[in-house]
Amino acid sequence: MSETNLASYPPLFRTIMDEPTGRVCPEDDRADTEDRSMPEPDPLPEIDAEFLVPQKLGEACREWGIFRLVNHGIPKQLLRDVEEHAERMFDMQFESKKALFGGGPLSYFWGTPALTPSGVALPRGHQNIDWVEGLNVPLSQLSNFHTQDPFVSSFRKLMEEWGRHLTRLGGTLFEAMLNSLKLEAQVHRHHHLHYQKNYIDESTGIVRVYRYPRCLAAEAADRVKGLDAHTDSSVLSILYQNQVAGLQILKDDKWLQVNSTADSLIVNLGDMMQAMSDDEYRSVRHRVKLNLRKERISICYFVFPKEQCLIRSSSYKPFTYKDFRDQVQNDVATLGTKVGLPRFKLPQPPL
Ligand SMILES: O=C(O)CCC(=O)C(=O)O
Ligand SMILES: [Fe+2]
């Protein structure tokens with residue numbers, strides 16, 4: 001969709017189109033440093049899903065907490081279909097999206113990615129808006145979503161297929177990461193790791209489909225954010241993005257752009273993986289910048305631990321994912337931001 005369809009945007013987002021003076025830069029003299037000069041390859045490690053080498057995977061998880069996944073087995077046609085359906089879905093009128101996904105279990109949200117377990121956006125105030133809209137798709141409840149709309153119905157079918165592939169990939173990667181940790185623990189004689197295969201629960205898998213508006217006013221691009229800097233609360237997050245740059249990670253105290261490469265996926269580790277691995281692996285800090293010329297679409301899969309499963313490590317007090325989620329929701333409601341793992345960190349014994 002090349003034209004910006006203002007009626008499809010949440011009303012607040014329409015203001016970004018003529019900020020701050022109503023002047024929109026003509027296509028060619030826009031101060032666009034973000035992606036015109038992009039094709040420098042980024043230095044992200046690349047992992048082959050068909051040939052998982054424990055040492056290489058372990059290194060990527062330890063040094064980066066994020067990697068590019070190739071040979072993931074998702075058919076190209078499915079990647080194209082999901083992307084195209086996501087574009088069409090977001091291009092619907094704002095009011096239609098609210099009405100279509102207002103009855104659960106799927107939910108449409110905007111302005112923040114922080115939702116309650118039932119998918120309602122947690123209010124954070126106008127100062128703290130993320131310039132993103134999204135559809136929350138809890139995979140285990142997808143079969144309870146009924147629609148008369150043929151397009152939405154085919155989107156639902158695609159999400160089911162997407163969910164099957166991502167559940168498979170998430171399980172395979174998690175198991176491989178545990179194996180890498182075990183090997184490393186044997187080498188370094190860490191006996192305090194308590195990881196188990198059944199830490200994750202397929203039924204917790206969630207897909208988030210996002211659209212970030214294009215930011216036509218160059219002046220606003222540095223001020224507004226697609227998604228503020230954060231770490232994911234998940235065990236693993238697996239992301240597919242359209243050909244529009246925007247994702248950045250914090251690496252050695254610098255923001256580094258993650259390129260969007262056709263057909264590959266981006267995998268990042270979340271806070272639960274960091275805790276399970278006793279800080280051996282990193283939950284990478286990341287954010288999304290708006291693009292000056294194009295809307296960005298991303299489709300993210302998150303997998304979480306079983307709600308009641310106790311996560312033990314030597315660095316954190318034992319906690320369940322439910323404890324963690326409740327704490328995050330509380331912090332977002334009271335402080336306007338997530339604190340995350342530091343809330344659970346044990347005091348370190350003096351050296
Ligand atoms: O849209 C993206 O690329 C990233 C989304 C994300 O970081 C999140 O939902 O936690
Ligand atoms: Fe994230």
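Residue indices begin at 1 and follow the sequence shown. Whatever order the structure lists them in is the order used to number ligands and atoms, beginning at 1.
Under 4.0 Å from ligand 1, not a single heavy atom of V132 appears. The side chain of R296, and not its backbone, has at least one atom closer than 4.0 Å to an atom of ligand 1 (non-hydrogen atoms only; side chain from C-beta on). Of the heavy atoms in S298, only side-chain atoms (C-beta onward) come closer than 4.0 Å to ligand 1.
The shell of residues lying under 4.0 angstrom from ligand 1, judged by heavy atoms, includes H286.
If you look at H286 and ask which of its N, O or S atoms sits nearest the Fe ion (ligand 2), the answer is NE2. Among the heteroatoms counted here (N, O or S) of D232, OD1 is the one nearest to the Fe ion (ligand 2).
Among the candidates R287, K254, R285, H286, the single residue satisfying the side chain to side chain donor-acceptor pair (under 3.5 Å) test with Q248 is R287. Across V258, N259, D42, a single residue satisfies side-chain contact (heavy atoms from CB on, under 4.5 Å) together with L247, and that is V258. Of the candidates Y210, Y108, W110, E133 forms a side chain to side chain donor-acceptor pair (under 3.5 Å) with just one, namely Y108.
Distances from atom 1 (O) of ligand 1 to the heavy atoms of Y240, Y210, Y212 show the closest one on Y212.
Using a 4.5 Å heavy-atom cutoff, the side chains of L290 and P213 are in contact.
Ligand 1 places these atoms under 4.0 Å from at least one heavy atom of D232: 10 (O). Close approach of ligand 1 to F302 (heavy-atom distance below 4.0 Å) involves ligand atoms 8 (C), 9 (O), 10 (O).
With respect to the salt-bridge test (charged N to carboxylate O, under 4.0 angstrom), the residues E161 and R164 do not qualify. D263 and R80 are joined by a salt bridge, as a carboxylate oxygen and a charged side-chain nitrogen come within less than 4.0 angstrom of each other. One finds no salt bridge joining D228 and K338 here, because no Lys/Arg side-chain nitrogen approaches an Asp/Glu carboxylate oxygen to under 4.0 Å.
Residue side and main chain included, H230 places an N/O/S atom under 2.8 Å of the Fe ion (ligand 2).
Nearest protein heavy-atom neighbour of atom 6 (C) of ligand 1: L227 CD2, 3.3 Å.
Between the S107 side chain and the G119 main chain, a donor and an acceptor come within less than 3.5 Å of each other.
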